[in-house]
Number of protein chains: 2
Amino acid sequence: MANTYTHPDPQEFNLISILRAIADPVRLELIRHLHQLGEANCSTLLGSRPKSSMSHHFQVLRESGILHTRIDGVNHRNTLRLDDLEKRFPGLMNAILAASSGGSRP
Amino acid sequence: MANTYTHPDPQEFNLISILRAIADPVRLELIRHLHQLGEANCSTLLGSRPKSSMSHHFQVLRESGILHTRIDGVNHRNTLRLDDLEKRFPGLMNAILAASSGGSRP
DNA sequence: CTTATAGTTCGATATATTTCGAACAATTAG
DNA sequence: CTAATTGTTCGAAATATATCGAACTATAAG
């Protein structure tokens with residue numbers, strides 16, 4: 001297992017990468033859940049999905065800059081990088097977290 | 001050619017569809033360009049790309065609710081649905097239009 | 001009617017993404 | 001050391017998306 005992670009700096013955040021990371025049902029749910037919990041490890045957010053799938057989604061979120069993963073023993077604790085996101089793309093995460101995901105389109 | 005278009009109602013807008021529509025380099029550029037011009041037909045925004053590609057991108061943007069296409073003779077004039085978007089997802093388009101698309105600096 | 005312009009639709013190909021199981025790695029407990 | 005827990009990495013399969021040329025449709029102009 002990787003025992004370190006690299007996180008992009010805010011100035012490296014790319015809008016398209018960020019939007020692509022968010023524009024997935026699993027990851028959007030993960031983001032909302034994480035926002036409520038404040039911090040969570042992968043297992044907490046597993047649901048019924050395999051670990052490898054979740055690991056992939058966390059990687060996408062991490063590499064785009066949406067979350068930070070802190071290694072704490074055997075647990076990898078994730079937090080949203082709300083401050084960094086706000087600095088780089090003001091209002092964006094607020095709008096997304098405030099949105100009701102709703103609608104009837106697939 | 002279709003001589004009418006159907007546009008979704010704001011209450012049908014889906015966050016993931018909207019984000020996916022925006023999260024593409026060609027379409028994001030199209031959105032920004034359209035925001036500056038106010039209204040434009042497909043050809044105006046063609047650049048060097050084939051019409052069929054552009055037609056596809058306009059379709060994605062239209063069906064997600066991001067733009068409205070008005071048929072005016074042989075021209076199909078597109079406008080961003082900023083008011084509808086603002087009602088459904090307050091602050092979202094503002095944040096995206098305000099963002100410098102950015103990435104690593106030179 | 002003929003030609004030109006604007007844009008769509010179709011079909012094919014290429015590329016990305018998602019999903020998952022299996023094997024592996026790191027840490028902690030016993 | 002051994003076992004248990006947490007998460008990553010690898011590889012394969014399925015699905016989605018982007019791109020483009022060619023044929024087509026609709027409207028307008030001559």
Side-chain angles (χ1 to χ4, degrees), chain A residues 1-7 14-31 33-34 37 39-64 66-79 105-106, chain B residues 1-7 14-31 33-34 37 39-79 101:
Chain A
M1 191 192 313
N3 61 351
T4 62
Y5 291 112
T6 56
H7 296 87
N14 175 275
L15 181 57
I16 288 179
S17 305
I18 296 262
L19 293 177
R20 275 234 278 255
I22 303 173
D24 174 276
V26 177
R27 291 193 293 263
L28 181 55
E29 191 193 336
L30 239 138
I31 288 171
H33 209 180
L34 207 48
L37 296 177
E39 185 179 61
N41 62 357
C42 190
S43 288
T44 304
L45 304 173
L46 256 187
S48 63
R49 296 165 191 284
K51 296 187 294 178
S52 53
S53 295
M54 285 299 121
S55 188
H56 162 69
H57 288 304
F58 276 106
Q59 183 184 21
V60 171
L61 292 171
R62 191 184 309 117
E63 293 182 349
S64 67
I66 292 173
L67 59 78
H68 181 273
T69 307
R70 172 173 69 89
I71 298 181
D72 174 23
V74 83
N75 293 288
H76 296 201
R77 308 208 193 264
N78 301 282
T79 48
R105 301 165 65 77
Chain B
M1 191 192 313
N3 62 351
T4 62
Y5 290 112
T6 55
H7 297 87
N14 175 275
L15 182 57
I16 288 179
S17 304
I18 296 261
L19 293 177
R20 276 234 277 255
I22 303 173
D24 173 277
V26 176
R27 291 194 292 262
L28 181 55
E29 192 192 337
L30 239 140
I31 288 171
H33 210 327
L34 207 48
L37 296 178
E39 186 179 62
N41 63 357
C42 190
S43 288
T44 304
L45 304 172
L46 257 186
S48 62
R49 295 165 192 283
K51 294 188 296 179
S52 53
S53 294
M54 284 299 121
S55 188
H56 163 69
H57 288 304
F58 276 106
Q59 184 184 22
V60 172
L61 291 171
R62 191 184 308 118
E63 293 183 348
S64 68
I66 293 173
L67 59 76
H68 181 274
T69 308
R70 173 174 69 88
I71 299 182
D72 174 23
V74 82
N75 293 287
H76 298 202
R77 307 207 194 267
N78 301 281
T79 48
S101 40

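Lettering follows sequence order; numbering is per chain, from 1. Any value given below was found using the heavy atoms of this structure, including those in side chains, with hydrogens, waters and symmetry copies removed.
Atom pair B/Arg49:CZ and D/dG21:P shows a separation of 12 Å (rounding to whole Å applied). Going from atom CZ of A/Arg20 over to atom P of C/dT18 covers 9 Å, rounded to whole Å. Atom NZ of B/Lys51 and atom C1' of D/dA23 are 11 Å apart (whole Å). Rounded to whole Å, the distance from CE on B/Met54 to P on D/dA18 is 11 Å. Summarising the geometry, the separation between NE2 on B/His57 and P on C/dG7 is reported as 15 Å, rounded to the nearest angstrom. Per the geometry, CD belonging to B/Gln59 stands 12 Å off C1' belonging to D/dT17, to the nearest Å.
Within 4.0 Å (heavy atoms only), A/His56 reaches at least one base atom of the nucleic acid. Looking at heavy-atom distances under 4.0 Å, B/Ser43 makes contact with sugar-phosphate atoms alone, never a base. Within the nucleic acid shown, B/Arg70 has no heavy atom closer than 4.0 Å to any nucleic acid atom.
For the pair A/Asp24 and A/Gly73, nearest-nucleotide mapping onto DNA chain C gives the more 5' position to A/Asp24.
Contact check, A/Tyr5 against D/dG7: no side-chain N or O comes under 4.0 Å of OP1 or OP2. For B/His76 and D/dA26, the shortest distance from a side-chain N or O to OP1 or OP2 is not below 4.0 Å. The shortest distance between the side-chain N/O atoms of A/Ser53 and the OP1/OP2 oxygens of C/dT19 is not below 4.0 Å.
Considering only heavy atoms from C-beta on, A/Thr4 stays 4.5 Å or farther from A/Ile71 through its side chain. The closest side-chain heavy-atom distance from A/Arg49 to A/His57 is not below 4.5 Å. Using a 4.5 Å heavy-atom threshold, the side chains of B/Leu30 and B/Met54 count as touching.
In this structure, the nucleotide among C/dG7, C/dT18, C/dT19 sitting nearest to the side chain of B/Cys42 is C/dG7. Here the side chain of B/Arg27 is nearest to one of D/dA18, C/dC20, C/dG7, namely D/dA18. Set against C/dT8, D/dT27, D/dT6, the side chain of B/Ser55 has C/dT8 as its closest nucleotide.
At a cut-off of 3.5 angstrom, counting only N and O atoms as typed in the model, there is a donor on one side and an acceptor on the other between the side-chain of A/Ser52 and the base of C/dG21.
A side-chain contact (heavy atoms from CB on, under 4.5 Å) with A/His68 holds for exactly one of A/Glu39, A/Arg62, A/Arg77, A/His7; it is A/His7.
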